[in-house]
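Reckoned from all heavy atoms, side chains included, excluding hydrogens, waters and symmetry mates.
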2 protein chains.
Amino acid sequence: MRDELTHAVEDYLKTIYDLSLTHGRASTTQIAEVLEIAPASVTGMIKRLSTTRPPLVEYIKHRGVILTPEGERVALEIIRHHRLLELFLYETLGYSWDKVDAEADRLEHVISEEFEARIAEALGDPTHDPHGDPIPDKNLLMPSHAKLSLREMRPDQCGTIQRVRDNDPDLLRYLSEQGIVPQAHFIVTGYTPFDNNITILVDGQPKAVVLGPRITRQIFVEQENG
Amino acid sequence: MRDELTHAVEDYLKTIYDLSLTHGRASTTQIAEVLEIAPASVTGMIKRLSTTRPPLVEYIKHRGVILTPEGERVALEIIRHHRLLELFLYETLGYSWDKVDAEADRLEHVISEEFEARIAEALGDPTHDPHGDPIPDKNLLMPSHAKLSLREMRPDQCGTIQRVRDNDPDLLRYLSEQGIVPQAHFIVTGYTPFDNNITILVDGQPKAVVLGPRITRQIFVEQENG
DNA sequence: GACAAAATTTAGGCTAGCCTAAATAAGGAT
DNA sequence: ATCCTTATTTAGGCTAGCCTAAATTTTGTC
Ligand SMILES: [Mn+2]
Ligand SMILES: [Mn+2]
Ligand SMILES: [Mn+2]
Ligand SMILES: [Mn+2]
């Protein structure tokens, strides 16, 4: 069906997919920041993506882009590769969870459908990667996932960690040292306004931890009704 | 030490290494054939490879190229990636031996040194890939390997299959159907001059097989003194 | 040793993807 | 509504890698 797309194109589509989830439409500058390239270069690329047949994005000048159904299909395919690879590196090869993202970022573009199928099977058709990110299934259907960020929680509320943004290796190492990993259960023991610090006590950990908003914004949880 | 080389450069160096083993110096046309690109393009690339610092090939106009020590180091690094990957795909992911080459050809350029180290360890620091090709060790030292081709053998001589060229998936499937795989023991039962057909009986196989020179040239064996 | 065939190089051109600098459009404050 | 800032696009340029067609060198044959 789809002929070969370049690695660059695949990375653009993956990035646009991610940005659309939180911001609706992806702007030139946002894409440029994530991909660490000049905004002018992004303009050139999204023009191309919007004029392929079929178009991969819908582009309105000065208004940014959204993915077309075909663009989304490609993005989900790459995201499936990426997250399956992360889990494979973590589970099968013993990588630490802060190193899998960088490796998967390159591998995602070169593995075949057979490779994808074989690691999916070896891992038992998993639904979530090591950071709790949902893995689209074979038909590219995305499992539901927590959207409540830890920043919104308040004292005496409790829940489980579901998902942690995976782009910052140092943060990931820090968090796992504190026991803040998917499935960990915690209770909020403190909140300070103005600086928006949140203190949580994670089950099985000796001490509570204070987390600033730059961190809590990156953590998604499932709240328990209690 | 070495900064990033492109996939294309790595494939050139790997190809030149291979060609040098059998032909001494690699010619423009030979490289072009293996890589399936126009000879004119090869000329352009080998000029570049010969003028990098340090140079990766030694180029004499109209006389082809040989690898410099640095070029050979890079080639061996990629060949180690390739062959470790082939074995990993074969052993760990259950690929058939005719499909591993194509997949490894892409993966070899993107895996990190950590990935290399982890699969090497998982496989027990192997010395040979699924086709019997030698895998350079961590220090890029190439294990010794059989250089006697099956084509040179004659009736009543026997030996074991050591190595089969891996570039033709159809041939690989055919050979494994006949039990012609590394470590298989066989005896030569026939030879016909002019057409250079060789008949061998492989241990454990019901019938002898006649193999033409196009095939026997691709198979390397260890002869048994008998 | 001349000459044709084969191998190789040169010349000119193309696409993908990036860049910087300059021009323009959008949005917010007054 | 105007001004200013910020976002975006346009213009022009660069490298990597490929291509074809034409020129040139090498080589094998007589
Ligand atoms: Mn990527
Ligand atoms: Mn992840
Ligand atoms: Mn390759
Ligand atoms: Mn092989």
Peer 1: If you check every side-chain atom of A:Y59, which of D:dC18, D:dT9, C:dG27 has the closest atom?
Peer 2: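 So the nucleotide nearest the side chain must be D:dT9.
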
Peer 1: Mind checking what makes salt bridge (charged side-chain N to carboxylate O under 4.0 Å, His left out) contact with A:D18, not counting sequence neighbours?
Peer 2: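 Partners of A:D18 by the salt bridge (charged side-chain N to carboxylate O under 4.0 Å, His left out) criterion come out as none, since no residue qualifies.
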
Peer 1: Look at the side-chain N and O atoms of A:T28 and state whether any lies under 4.0 Å from the OP1 or OP2 oxygen of D:dT9.
Peer 2: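 True: A:T28 side-chain N/O within range (under 4.0 Å) of D:dT9 OP1/OP2.
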
Peer 1: Between P on C:dA16 and CG on A:D11, what's the gap in Å once rounded to a whole number?
Peer 2: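 Result: 17 Å.
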
Peer 1: Provide, to the nearest angstrom, the distance between the NE2 atom belonging to B:H109 and the C1' atom belonging to D:dG17.
Peer 2: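 Rounded to the whole Å, the gap is 14 Å.
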
Peer 1: Is there a side-chain polar atom (N or O) of A:S41 under 4.0 Å from OP1 or OP2 of C:dG17?
Peer 2: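 No, no such contact exists.
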
Peer 1: Could you tell me the separation between the NE2 atom of A:H62 and the C1' atom of C:dA25, rounded to a whole number of Å?
Peer 2: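 Going from NE2 in A:H62 over to C1' in C:dA25 covers 4 Å.
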
Peer 1: Just to be sure I understand the rule, does A:A40 reach a base, reach only the sugar-phosphate, or reach nothing, if contact means heavy atoms closer than 4.0 Å?
Peer 2: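 A:A40: base contact, heavy atoms under 4.0 Å.
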
Peer 1: Less than 4.0 angstrom between a side-chain N/O of B:R63 and OP1 or OP2 of D:dT25, yes or no?
Peer 2: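 Indeed not, no polar side-chain atom of B:R63 lies that close.
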
Peer 1: Using only side-chain N and O atoms of B:Y12, determine if any of them is under 4.0 Å from OP1 or OP2 of D:dA16.
Peer 2: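 So the side-chain polar atoms of B:Y12 never come under 4.0 Å of the phosphate oxygens OP1 or OP2 of D:dA16.
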
Peer 1: State whether the number of non-hydrogen atoms from other residues, nucleotides or ligands found under 6.0 Å of B:R214 atom CZ is greater than 12.
Peer 2: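 Atom CZ in B:R214 is not packed in, count stays at 12 or less.
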
Peer 1: Would you classify A:A38 as touching base, sugar-phosphate or nothing, given that sugar-phosphate means primed atoms plus P, OP1 and OP2, and contacts are heavy atoms under 4.0 Å?
Peer 2: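 Since a base atom lies under 4.0 Å of A:A38, the category is base.
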
Peer 1: Which nucleotide in the list C:dC19, D:dG17, D:dT10 gets nearest to the side chain of A:I37?
Peer 2: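 So the nucleotide nearest the side chain must be C:dC19.
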
Peer 1: Which residue, A:E116, A:E108, A:K14, forms the side-chain hydrogen bond (donor to acceptor under 3.5 Å, both in side chains) with A:H81?
Peer 2: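 The option that passes is A:E116.
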
Peer 1: In whole Å, I'd like the distance from the CE atom of A:M45 to the P atom of C:dT15.
Peer 2: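 In whole Å, C:dT15 P lies 15 Å from A:M45 CE.
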
Peer 1: Rounded to whole angstroms, how far apart are CD1 on A:I60 and P on C:dA26?
Peer 2: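 Atom CD1 in A:I60 sits about 12 Å away from atom P in C:dA26.
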
Peer 1: Strictly below 4.0 Å: does A:R48 bring a side-chain N or O up to OP1 or OP2 of C:dT15?
Peer 2: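 The answer is no; no side-chain N or O of A:R48 sits under 4.0 Å from OP1 or OP2.
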
Peer 1: Find the distance B:L5:CG to D:dA16:C1' and express it as a whole number of Å.
Peer 2: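 Rounded to the whole Å, the gap is 13 Å.
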
Peer 1: Examine D:dT26: is either OP1 or OP2 under 4.0 Å from a nitrogen or oxygen in the side chain of B:K61? Give yes or no.
Peer 2: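 No.
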
Peer 1: Before you tell me yes or no, could you show the steps for A:Y191 and A:N196 under side chain to side chain donor-acceptor pair (under 3.5 Å), namely the whole-Å CA-CA distance, both residues' side-chain angles and the distance that decides it to 0.1 Å?
Peer 2: CA-CA 7 Å; A:Y191 165 73; A:N196 286 296; 3.0 Å; yes

Peer 1: Under 3.5 Å, side-chain donor or acceptor atoms of residues 135-145 of chain B against the rest of the protein: list the pairs with distances, not counting sequence neighbours.
Peer 2:
unit_1, atom_1, unit_2, atom_2, d
B:D137, OD1, B:N139, N, 2.8
B:D137, OD1, B:L140, N, 3.0
B:D137, OD1, B:L141, N, 2.9
B:K138, NZ, B:D125, OD1, 3.4
B:H145, ND1, B:P143, O, 3.3

Peer 1: At less than 4.0 Å, is any side-chain N or O atom of A:T43 found next to OP1 or OP2 of D:dT10? Yes or no.
Peer 2: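 The answer is no; no side-chain N or O of A:T43 sits under 4.0 Å from OP1 or OP2.
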
Peer 1: Round to a whole Å and report the spacing from CD1 of A:I46 to P of D:dT10.
Peer 2: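 In whole Å, D:dT10 P lies 10 Å from A:I46 CD1.
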
Peer 1: Specify the separation, in whole Å, of atom NZ of A:K47 and atom C1' of C:dG17.
Peer 2: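 So the two atoms are 15 Å apart, to the nearest Å.
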
